[in-house]
**Q** 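Okay, handing you the structure first.
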Amino acid sequence: MRRREFLGAVTAPLLVTNMSAQQAQPSTPPPTRKGRIKQGVTRGVFGRGATLEDSCREAARLGIKGFDLIGPDDWPTLKKFGLVPSMYPGGPGGTIPVGPSHKEEHARLVPLMHEAIDKAAANGVPNIIALAGERRGLGDAEGADNSVTFLDAVKSHAEDKQVTICLEYLNSKVNHKDYIFDHIAWGVDVMKRVNSPRVKILYDIYHAQIMDGDIVRNIRDHFQWIGHFHTGGNPGRHEIDETQELNYRFVMQAIADLGFTGFVSHEYSPSQGHDPIKELEKAIALCDV
């Protein structure tokens with residue numbers, strides 16, 4: 001099971017919306033949105049028990065544009081509902097335990113990334129996730145050097161194919177204890193040295209809040225190096241509403257004002273007893289600035 005699906009499965013409630021009843025209703029056009037923020041989803045927001053087809057149907061009905069971390073075998077299902085496969089899943093760009101920060105992995109990962117870039121470009125997939133890996137005894141400087149070497153080896157191909165490699169920023173305090181890209185400064189240093197329009201940071205707002213806070217200032221200061229956003233409430237990575245500490249409407253307003261044209265994808269897990277579809281509707285409205 002993929003990491004993101006696992007996280008959603010272990011924390012999310014059973015899907016309580018009656019999708020079968022919804023399917024029987026006549027199709028209606030998606031709600032009118034302001035559209036300054038191009039919103040996407042991950043599977044966890046739909047709760048346990050939701051099939052991919054049902055999730056795509058609901059996403060399209062609500063005006064969602066992209067679906068992150070879905071692999072090539074399922075891209076036809078996304079496209080059937082007019083959804084963009086907005087982020088190629090982990091693997092070619094490493095995993096949380098082992099990634100580009102480990103130079104012994106480069107010989108294996110570089111060809112996988114080249115293959116993924118070609119596949120993404122041929123299928124209209126704009127982004128590929130990369131996961132830096134755990135320290136496992138590596139110093140931060142050595143891990144950064146190794147990551148730069150890996151990204152330098154694939155950036156020209158990504159530029160040629162107009163596919164963006166997004167290196168994810170995760171927390172090492174609560175969820176991923178030894179992950180090396182756990183502070184924004186580390187990732188910005190890597191981005192500056194690689195210096196490619198097709199190598200960016202996947203700025204996960206939940207993780208960033210835990211590690212560095214100062215969310216809007218950091219987004220503004222480092223905006224040129226950010227290619228994709230994920231949402232999640234803190235604490236608990238649940239709904240992005242008044243039950244947690246982040247003011248997501250203010251954060252989205254700042255992102256929109258910067259002219260961001262990429263995806264902001266929801267990656268929270270609905271709390272027990274909450275209707276996943278109603279919570280998603282609220283999240284979409286909150287971020288529609």
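Just so we're clear, the structure is a prediction, and the values are computed from it rather than from any experiment.
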**Q** Less than 3.5 Å apart, any donor N or O on the side chain of D212 or Y169 sitting next to an acceptor on the other?
**A**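 D212 vs Y169: donor-acceptor pair found between side chains.
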
**Q** Do the two ring centres, one from F229 and one from F260, sit under 6.0 Å apart?
**A**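 When the ring centroids of F229 and F260 are compared, they turn out to be within the sub-6.0 Å range.
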
**Q** Between H106 and P100, is there a donor-acceptor pair closer than 3.5 Å when you use the side chain of the first and the backbone of the second?
**A**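 Yes: the side chain of H106 pairs with the backbone of P100.
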
**Q** First locate atom CZ of R57, then atom CG of L83, and finally report the distance between them rounded to the nearest 0.5 Å.
**A**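 Spacing of CZ (R57) from CG (L83) equals 11.5 Å.
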
**Q** Return yes if a side-chain donor-acceptor contact under 3.5 Å exists between S86 and D68, otherwise no.
**A**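 Judged by distance alone, the side chains do pair up.
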
**Q** Nearest 0.5 Å please: distance from the CD1 atom of I117 over to the OG1 atom of T164.
**A**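 That separation rounds to 10.0 Å.
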
**Q** Within the 3.5 Å criterion, strictly below it, is a donor on H266 or T231 matched to an acceptor on the partner's side chain?
**A**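 On atom types as modelled, these side chains qualify, holding a pair under 3.5 Å.
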
**Q** How many angstroms lie between OH in Y268 and OH in Y248, if you round to the nearest 0.5 Å?
**A**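 That separation rounds to 11.0 Å.
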
**Q** With no hydrogens and no angle check, do the side chains of N218 and D214 hold a donor and an acceptor under 3.5 Å apart?
**A**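 No.
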
**Q** Within a radius of less than 6.0 Å around CZ of R217, do more than 12 heavy atoms belonging to other residues, nucleotides or ligands occur?
**A**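 No, CZ of R217 has 12 or fewer neighbouring heavy atoms, counting only those of other groups under 6.0 Å.
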
**Q** Roughly how far, to the nearest 0.5 Å, is the CZ atom of F181 from the OG atom of S147?
**A**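 That separation rounds to 9.5 Å.
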
**Q** Is E53 salt-bridged to K80, cutoff N-O under 4.0 Å?
**A**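 Judged by the 4.0 Å cut-off on N to carboxylate O distance, E53 and K80 do form a salt bridge.
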
**Q** Does D288 reach the main-chain N or O of K34 with its side chain, forming a donor-acceptor pair under 3.5 Å?
**A**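 Yes; at least one donor-acceptor contact below 3.5 Å.
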
**Q** Does any N or O in the side chain of H102 come within less than 3.5 Å of the main-chain N or O of G99, such that one atom is a donor and the other an acceptor?
**A**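 Checking the backbone N and O of G99 against the side chain of H102, a donor-acceptor pair under 3.5 Å is found.
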
**Q** Hey, what else clusters with V84 if you join Ile, Leu, Val, Met, Phe, Trp, Tyr whenever side-chain heavy atoms sit under 4.5 Å?
**A**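 For the cluster that includes V84, the remaining residues are F263.
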
**Q** Looking only at atom types and distance, does a side-chain atom of E134 sit under 3.5 Å from a main-chain N or O of D178, one as donor and one as acceptor?
**A**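 Side chain of E134 to backbone of D178, a donor-acceptor pair under 3.5 Å: no, none is there.
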
**Q** Kindly say whether L62 contributes a backbone atom to a donor-acceptor pair with the side chain of R33 at under 3.5 angstrom?
**A**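 Yes, the answer is positive, given that a donor and an acceptor are paired below the 3.5 Å cut-off.
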
**Q** Can you tell me if K65 has over 12 outside heavy atoms packed within less than 6.0 Å of its NZ?
**A**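 Atom NZ in K65 is not crowded, with 12 or fewer foreign heavy atoms closer than 6.0 Å.
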
**Q** Got a donor-acceptor contact below 3.5 angstrom from the K173 side chain to the H207 backbone?
**A**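 No; judged by distance alone, with no hydrogens or angles, the pair does not exist.
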
**Q** Please name the pair of heavy atoms, one in C166 and one in N127, separated by the smallest distance, quoted to 0.1 Å.
**A**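 Heavy atoms of C166 and N127 come nearest at SG-OD1, 3.8 Å.
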
**Q** For L246, is there any backbone N or O sitting under 3.5 Å from a side-chain donor or acceptor partner on Q244?
**A**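 Checked: pair present.
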
**Q** Do D145 and R193 meet the salt-bridge criterion of a basic N to acidic O distance under 4.0 Å?
**A**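 Result for this pair is yes, salt bridge flagged.
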
**Q** Inspect the contact between E58 and R61 and indicate whether a charged nitrogen and a carboxylate oxygen are less than 4.0 angstrom apart.
**A**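 Answer for the salt bridge query: yes.
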
**Q** About how many Å separate CZ of R198 and CD of Q162, when rounded to the nearest 0.5 Å?
**A**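 One gets 5.5 Å once the value is rounded to the nearest 0.5 Å.
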
**Q** For atom NZ of K103, decide whether the heavy atoms of other residues, nucleotides or ligands shown that lie under 6.0 angstrom number more than 12.
**A**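 Atom NZ in K103 is not crowded, with 12 or fewer foreign heavy atoms closer than 6.0 Å.
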
**Q** So which atom in P92 and which in P89 form the shortest heavy-atom distance, rounded to 0.1 Å?
**A**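 Shortest heavy-atom contact: CD-O, 3.8 Å.
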
**Q** For D152, give me all partners under side chain to side chain contact (heavy atoms under 4.5 Å, CB included), at least two apart in sequence or on another chain.
**A**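 D152: side chain to side chain contact (heavy atoms under 4.5 Å, CB included) contacts with V148, K155, V194.
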
**Q** What's the separation between atom CG in N146 and atom CG in L151, rounded to the nearest 0.5 Å?
**A**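 N146 atom CG to L151 atom CG measures 11.0 Å (nearest 0.5 Å).
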
**Q** Determine whether a donor-acceptor pair (N or O, by modelled atom type, separation under 3.5 Å) exists between the side chain of H176 and the backbone of N171.
**A**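 No: the side chain of H176 does not pair with the backbone of N171.
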
**Q** Determine, for R135 against D182, whether the closest basic-nitrogen to carboxylate-oxygen distance falls under 4.0 angstrom.
**A**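 A salt bridge is present here (some side-chain N lies under 4.0 Å from a carboxylate O).
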
**Q** Could you tell me whether the side chain of T95 and the main chain of G133 form a donor-acceptor pair under 3.5 Å?
**A**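 Checking the backbone N and O of G133 against the side chain of T95, no donor-acceptor pair under 3.5 Å is found.
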
**Q** Pick one: which of I240, V45, D241 meets side chain to side chain contact (heavy atoms under 4.5 Å, CB included) with E279?
**A**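 Testing E279 for a side chain to side chain contact (heavy atoms under 4.5 Å, CB included) against I240, V45, D241 leaves exactly one candidate, D241.
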
**Q** Have T77 and D74 got a donor and an acceptor in their side chains that come within less than 3.5 Å?
**A**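 No, no side-chain donor-acceptor pair sits under 3.5 Å.
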
**Q** Is a side-chain donor or acceptor of Y206 paired with a backbone partner of H230 at a separation under 3.5 angstrom?
**A**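 Side chain of Y206 to backbone of H230: no pair is present.
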
